[in-house]
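Only a predicted model underlies this, so the values are computations on that prediction, with no experimental measurement involved.
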Amino acid sequence: MKKKHKDTNKHPILVLKTFVLLLFVFSSLYLIYNIYHLEKFNQRYIARIQDVYSYTRRFGSYYNNTPEEYKAENHYKTNNVSLIVNTASKVKTLSSGIAKLRSQLNRLTNNNIWTIAVFENPADYAHFDPIRPEYLTQFDKYGENSVMHRIVQREGLDNTYQSFYGCNIKLTESYVETGSHTQIRTLYYPIYNNKHLDALVAIDIKNNILTKCLQHYNANYLTVLNSNKKGNIYNIEELLPCSKLNPINIGVNLFSILKMVFLPALILSFLSSYFKSCLIKKSMLFSVII
């Protein structure tokens with residue numbers, strides 16, 4: 001009887017020891033798994049941003065080969081793309097091209113494209129997808145040698161046609177847009193012809209693109225990657241291509257790892273103890289019969 005009581009007292013300790021061992025093993029393996037996927041996600045995300053740049057650059061060729069037609073001063077709308085003509089003149093019909101560009105960029109950014117705008121130089125007309133008050137209030141300032149040129153100079157995009165390998169496109173730092181109070185990053189792409197700035201493409205991207213991509217990746221691969229800058233046991237910090245500020249930070253949090261493996265380790269420790277006790281009982285019963 002005393003021996004049985006002693007074994008009963010040992011049972012919770014054995015379960016606890018098994019649980020701690022399994023928790024350590026599972027968390028170590030799951031951490032390694034997440035670190036592997038952290039590197040993989042980072043490579044995919046950088047490649048995705050490069051694809052966003054690539055599609056944006058292709059729009060320059062579309063712009064140069066698009067025919068012009070005369071438009072009176074007015075507000076025109078084709079599907080979701082608005083054309084604002086300030087001065088009656090010949091304008092490029094870019095609506096279908098902008099719509100296709102949005103479709104491709106939304107696919108790459110999980111539908112995080114906020115606005116696509118194409119400003120002419122001088123500002124006789126401009127295209128907006130969609131049109132928003134935040135852009136309309138600034139539109140009249142996008143004239144020759146004005147705001148458009150200051151943006152190009154500020155972002156280091158002047159005379160990019162002279163560079164073979166430099167960034168002829170620029171992703172700004174994260175900022176909160178006045179009026180909409182939405183946190184965005186703007187992608188600027190100037191279109192030059194014969195050393196003249198013909199147009200400026202401005203693409204506003206919602207700043208939660210990284211979070212959404214991480215959520216989608218975690219759901220597909222059962223990982224716990226995050227974009228928090230603090231509290232991670234392992235992380236990667238890297239500037240996006242053609243960007244000088246606001247590096248992305250992707251990491252793995254130890255608490256998230258433990259949270260994911262806690263229940264499996266607990267269940268397996270109890271199952272292990274249960275099957276072990278069953279084997280002991282069968283062994284004892286077999287010895288008694290013999």
Next on the checklist: Quick check on the hydrophobic clustering: are L254 and Y36 connected, directly or via other members, by side-chain heavy-atom contacts under 4.5 Å?
Outcome noted: no
Worksheet entry | Main-chain N/O of G97 paired to Y62 side chain as donor or acceptor, under 3.5 Å | yes
In short, V52 meets L108 closest at the heavy-atom pair N-CD1, 3.8 Å
Heavy-atom nearest pair, L38 first then G251, reads CD1-N, 3.9 Å
- Item | Any donor-acceptor N or O pair under 3.5 Å, side chains S243, R185 | yes
Between N64 and N193, is a side chain to side chain donor-acceptor pair (under 3.5 Å) present by the stated rule, with each step listed? CA-CA 9 Å; N64 289 331; N193 284 292; 2.7 Å; yes
From the list N249, N232, N235, side chain to side chain donor-acceptor pair (under 3.5 Å) partner of N226 resolves to N232
- Query: Would Y30 and T223 count as a side chain to side chain donor-acceptor pair (under 3.5 Å) if you check the C-alpha gap in whole Å, the side-chain angles of each, and the deciding distance to 0.1 Å?
  - Reply: CA-CA 9 Å; Y30 192 51; T223 51; over 6 Å; no
Looking only at heavy atoms, the pair that brings G231 and N253 closest together is O-ND2, 2.5 Å
### Message
Is any side-chain heavy atom of V91 closer than 4.5 Å to one of Y76?
### Response
no
- Message: Please determine whether residues Y234 and V261 belong to a single hydrophobic cluster, defined as Ile, Leu, Val, Met, Phe, Trp and Tyr linked transitively by side-chain heavy-atom distances below 4.5 Å.
- Response: yes
Answer yes or no: is there a side-chain heavy-atom contact under 4.5 Å between N74 and V85? no
Review point. Quick one: are I257 and V252 in side-chain contact, heavy atoms under 4.5 Å?
Key: yes
| message | I'd like to know whether NZ of K259 has more than 12 heavy-atom contacts from other residues, nucleotides or ligands below 6.0 angstrom. | response | no
d(L171 CG, K244 NZ) to nearest 0.5 Å is 12.5 Å
Review point. Could you go step by step and tell me if I233 and F255 meet the side chain to side chain contact (heavy atoms under 4.5 Å, CB included) rule?
Key: CA-CA 9 Å; I233 190 172; F255 178 76; over 6 Å; no
Side-chain (S89) to main-chain (T87) donor-acceptor, under 3.5 angstrom: yes
Does the T109 side chain pair with the main chain of L105, one donor and one acceptor, at a distance under 3.5 Å?
yes
State, yes or no, whether a side-chain contact exists between Y217 and R44 at a heavy-atom distance under 4.5 Å. yes
When rounded to the nearest 0.5 Å, the distance separating CG of N34 from CE of M260 is 8.5 Å
- prompt: For H196 and D198, does a side-chain donor sit closer than 3.5 Å to a side-chain acceptor?
  reply: yes
Does S103 use its side chain to pair, donor to acceptor, with the backbone of A99 at less than 3.5 Å?
-> no
Task: 4.5 Å side-chain heavy-atom contact, T186 and I203 - done: no
### Query
If you count the non-hydrogen atoms of other residues, nucleotides and ligands that lie under 6.0 Å from CG in N79, is the total more than 12?
no
Review point. Could you go step by step and tell me if V118 and I98 meet the side chain to side chain contact (heavy atoms under 4.5 Å, CB included) rule?
Key: CA-CA 9 Å; V118 182; I98 293 172; 3.9 Å; yes
### Task
Take H37 and Y33, measure what ring pair (Phe, Tyr, Trp, His ring centres under 6.0 Å) needs, and give me the verdict at the end.
CA-CA 6 Å; H37 277 283; Y33 175 78; 4.5 Å; yes
Between C242 and K170 the two heavy atoms that sit nearest each other are O-CD, 3.3 Å
Practice problem: Measure the shortest side-chain to side-chain distance between R57 and N168 over non-hydrogen atoms and say whether it is less than 4.5 angstrom. | Solution: yes
(request) Using the rule that two of Ile, Leu, Val, Met, Phe, Trp, Tyr join whenever any of their side-chain heavy atoms come within less than 4.5 Å, decide whether I49 and L239 are in one cluster. (result) no
With heavy-atom distances below 4.5 Å as the criterion, would you say the side chains of I184 and N207 are in contact? no
Has the side chain of S61 got a donor or acceptor atom that lies under 3.5 Å from a matching backbone atom of R58? no
In short, A72 meets A88 closest at the heavy-atom pair CA-CB, 4.0 Å
- prompt: Should V25 and I35 be counted in the same cluster of Ile, Leu, Val, Met, Phe, Trp and Tyr side chains packed under 4.5 Å apart?
  reply: yes
Subject >> Derivation and outcome, side chain to side chain contact (heavy atoms under 4.5 Å, CB included), residues I250 and L214 >> reply: CA-CA 9 Å; I250 314 163; L214 277 171; 3.9 Å; yes
Exercise for review: I would like to know whether Y125 and L83 meet side chain to side chain contact (heavy atoms under 4.5 Å, CB included); could you show each step before the answer?
Suggested key: CA-CA 7 Å; Y125 64 94; L83 167 63; 3.8 Å; yes
Heavy atoms of F119 and A126 approach each other most closely as CD2-CB, 3.9 Å
ask   = N42 and E238: side-chain donor and acceptor closer than 3.5 Å?
value = yes
Value for CD (E120) from CG (L94), rounded to nearest 0.5 Å, stands at 7.0 Å
d(D204 CG, N112 CG) to nearest 0.5 Å is 12.0 Å
inquiry  = In terms of relative ring orientation, are F59 and Y63 parallel, tilted or perpendicular, with 30° and 60° separating the classes?
reply    = tilted
To the nearest 0.5 Å, atom CZ of F128 lies from atom CD1 of I84 at 6.0 Å
| query | R48 versus C213: any side-chain heavy-atom pair under 4.5 Å? | reply | yes
Inset, instruction - Indicate whether the side chain of S174 and that of Q183 have a donor and an acceptor atom separated by less than 3.5 Å. - result: yes
When rounded to the nearest 0.5 Å, the distance separating CG of D129 from OG of S95 is 9.0 Å
Next item on the list: Could you tell me whether a side-chain N or O of K90 sits under 3.5 Å from a main-chain N or O of E69, the two making a donor and an acceptor?
Entry: no
Q) Are Y221 and L31 grouped together when hydrophobic residues (ILVMFWY) are joined by side-chain heavy atoms under 4.5 angstrom apart? A) yes
